[in-house]
Amino acid sequence: MTPPPAISRFLSGAEQADGLSPDTLTRYRAESLRTIVQRAYRRSPFYRAKMDEADVTPGDIQQPSDVAKLPFLTKTELRGQPFRLLACDRRDIALIQVSTGTTGGEEIYMAYTWNDYLLYDLAPRYSRLFPVGPGDICLNALPYEMSTAGLAFHKTFMDGYQATVVPAGKGGAYSTPQKTVKTMRDLRPSIVVTSPSWAIVLAEEAARSSFDLTGLRLRKMWLTGEGCSPTLRRRIEGMWGTTANFFYGSLECGVLGIECDHHDGYHVPEAHVMMEIVDPETGRPLEPGETGEIVVTALLRYDSPLLRFRTGDLGCMIPAPCPCGVTMPRFHMRGRAFDQIRLRGKAISPVHLEEILLRMPEVGDWFQFVLPASDEGRITVRCELARGVERSAALAEALSTRMRAATSLPFDFELVDALPRAGVKVARLVRE
């Protein structure tokens, strides 16, 4: 396998992508983008038709800023079309992964050749944002079945950073909380990657087993796959006794954001992707600080190009440099456009509601927001209480009053003994 010139020239040595100068990154990104667009136009009937319709040719794309000339790619165009993005022969495909289907509609499939999946994706490394290496034992408690999450971290830890991987999985036939906690007790991992809800499930099982997770003295924990408010993150850090950083990615795009220890936004992994923020209605590029839809172009996908993909996620770029010293730009996540709660003329993110809710010490770690069928209805918060807190009508009313004061929206509280523990993605938002 021969790497593309952009990778050979800029990323084939010991250089770390998060240590490259902005000028070097710009030259790499421009060359990689030109190569991918040219290949997409020559070898993909789908992309050729899109570019012809938009009156764009590969020669129009010379610099990273020129990406805005390309037409958008939407989830609708990908649903039920497993081979639509290919710029290669089908017999070259090495792996096909499937969406989790959490946003409804037909499945989205992503097909990868051996080159795209293995060689190119392992070339850029981010040792400052992702400090993993030989000697680390990495407990990978993410799903491996069909989705990209578990397998992507597996190969990154093992092949990209030469660390040891424990493929614990998440909620599968062999991935019970009991077995995972026993494995941690025996192997003493130094790194854990999992989802926020599964981190709590494992912490609860560890408590039942009289196993102190803080005794692991983890070097790092990454949380991914679900929305997570700062307060819920702090609760998880207390359970595990370590710093927990957020990691943002998707089936379609791969890695999209890596949080540093300052916990003030995600750094864009610029060797992997180009990111734009656009107005969801008009598609107009927005300025730093303005909230809009996240649009992604992959810089390491030559055989299955991903050009200007509309993620459906909301975010805004942060103009100020990060104190950590990494010069890759940062952005704040604002949640999924699909998940935004709209009631009585107001729009609010579920993660923002979670933050308000969990600042109340009486509320436990498991909860649901039950949305009314009518715009004139009330949001019901169904939740467990913190250990030692007694249920009462007075407490429910007090919590409702606090939520109403913080949001100007009407709430009711349903205090329950226990909510179901999630084996897959946790359902924080329930629509009547």
Side-chain angles (χ1 to χ4, degrees), residues 97 100 130-228 232-247 249 364-367 384-388 416-428:
Q97 293 180 306
T100 58
F130 205 74
V132 178
D136 278 316
I137 297 178
C138 306
L139 186 91
N140 185 355
L142 289 170
Y144 278 69
E145 305 93 338
M146 293 202 180
S147 78
T148 183
L151 199 56
F153 272 97
H154 186 109
K155 69 163 178 133
T156 298
F157 284 139
M158 188 169 70
D159 298 327
Y161 292 82
Q162 292 77 56
T164 303
V165 183
V166 181
K170 176 189 170 187
Y174 300 102
S175 306
T176 65
Q178 295 83 0
K179 188 160 188 173
T180 302
V181 169
K182 176 64 165 59
T183 299
M184 287 193 290
R185 188 194 295 266
D186 293 342
L187 298 181
R188 315 293 296 187
S190 55
I191 306 286
V192 169
V193 57
T194 190
S195 67
S197 62
W198 199 244
I200 299 172
V201 168
L202 294 178
E204 291 177 335
E205 178 58 35
R208 283 190 291 270
S209 305
S210 300
F211 178 54
D212 181 9
L213 290 176
T214 65
L216 290 173
R217 300 185 183 278
L218 294 176
R219 284 207 312 107
K220 187 68 65 177
M221 169 182 270
W222 279 282
L223 300 175
T224 188
E226 298 167 352
C228 184
L232 183 58
R233 183 234 299 273
R234 287 192 290 271
R235 291 189 180 194
I236 293 170
E237 289 178 328
M239 297 170 192
W240 288 78
T242 191
T243 299
N245 290 354
F246 295 152
F247 190 101
D365 300 319
W366 295 95
F367 55 90
E384 298 178 17
L385 294 175
R387 182 174 300 179
V416 299
D417 289 329
L419 287 169
R421 286 350 186 205
V424 287
K425 283 193 176 183
V426 67
R428 299 292 196 196

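- Scanning all heavy atoms of the two residues, the minimum distance from T214 to G238 falls at CG2-O, 4.0 Å.
- For the pair G227 and P196, the tightest heavy-atom approach, listed with the atom from each and the gap, is O-CG, 4.3 Å.
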Side chain to side chain contact (heavy atoms under 4.5 Å, CB included) assessment of I191 paired with R219: CA-CA 6 Å; I191 306 286; R219 284 207 312 107; 3.9 Å; yes
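- In this structure, the side chains of W366 and V416 stay at 4.5 Å or more apart for every pair of heavy atoms.
- Applying the salt bridge (charged side-chain N to carboxylate O under 4.0 Å, His left out) test to pairs two or more places apart or on separate chains, none has a residue in residues 137-148.
- Contact check for L216 versus V192: no side-chain heavy atoms found under the 4.5 Å cut-off.
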E205/Q178 under side chain to side chain contact (heavy atoms under 4.5 Å, CB included): CA gap, chis, key distance, verdict: CA-CA 7 Å; E205 178 58 35; Q178 295 83 0; 3.4 Å; yes
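- The closest side-chain heavy-atom distance from C138 to V132 is below 4.5 Å.
- With R233 contributing its side chain and A244 its backbone, the two residues share a donor-acceptor pair below 3.5 Å.
- F246 is not listed as a side-chain neighbour of T224, based on a closest heavy-atom distance of 4.5 Å or more.
- Rounded to the nearest 0.5 Å, atoms OG1 (T148) and NE2 (H154) are 13.0 Å apart.
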Only distances under 3.5 Å count here; give the side-chain donor-acceptor pairs of residues 181-190 to other protein atoms, sequence neighbours excluded, each with its distance to 0.1 Å.
| from | atom 1 | to | atom 2 | distance (Å) |
| --- | --- | --- | --- | --- |
| K182 | NZ | D186 | OD1 | 3.4 |
| K182 | NZ | D186 | OD2 | 2.6 |
| T183 | OG1 | K179 | O | 2.8 |
| R185 | NH2 | S209 | O | 3.1 |
| R188 | NH2 | G215 | O | 3.1 |
| S190 | OG | D136 | OD1 | 2.9 |
| S190 | OG | I137 | N | 3.1 |

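- In this structure, the side chains of L223 and T194 come closer than 4.5 Å at one or more pairs of heavy atoms.
- Between L232 and I200 there is a side-chain heavy-atom pair separated by less than 4.5 Å.
- The pair E237-R234 does not meet the salt-bridge criterion, since no charged nitrogen lies less than 4.0 angstrom from a carboxylate oxygen.
- Using a cutoff of 4.0 Å between basic side-chain nitrogens and carboxylate oxygens, E384 and R421 are scored as salt-bridged.
- The closest side-chain heavy-atom distance from D365 to R235 is below 4.5 Å.
- Listed here is the closest heavy atom pair of S175 and W198: O-CZ2, 3.6 Å.
- When side chains are defined from C-beta on, Y144 does not count as touching L142, because their heavy atoms never get closer than 4.5 Å.
- Note on ring orientation: taking the six-membered ring where Trp is involved, the planes of W222 and F157 are tilted (angle from 30° to 60°).
- With values rounded to the nearest 0.5 angstrom, L385 atom CG is found 9.0 Å from D417 atom CG.
- Checked by atom type, the side-chain pair S195/K170 shows a donor-acceptor distance below 3.5 Å.
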Side chain to side chain contact (heavy atoms under 4.5 Å, CB included) between T156 and Y161, worked out: CA-CA 6 Å; T156 298; Y161 292 82; 3.5 Å; yes
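- Nearest heavy-atom pair across L202 and P177 is CD2-CA, 3.9 Å.
- Expressed to the nearest 0.5 Å, how far CZ of F211 lies from CG of L213 amounts to 6.0 Å.
- M158 CE: more than 12 foreign heavy atoms inside a 6.0 Å radius.
- Residues A163 and G133 share a closest heavy-atom pair of CB-O, 3.4 Å.
- In terms of heavy atoms, N140 sits closest to F153 at ND2-CB, 3.8 Å.
- Side-chain contact check for E226 and S197: at least one donor-acceptor pair (N or O, by modelled atom type) lies under 3.5 Å.
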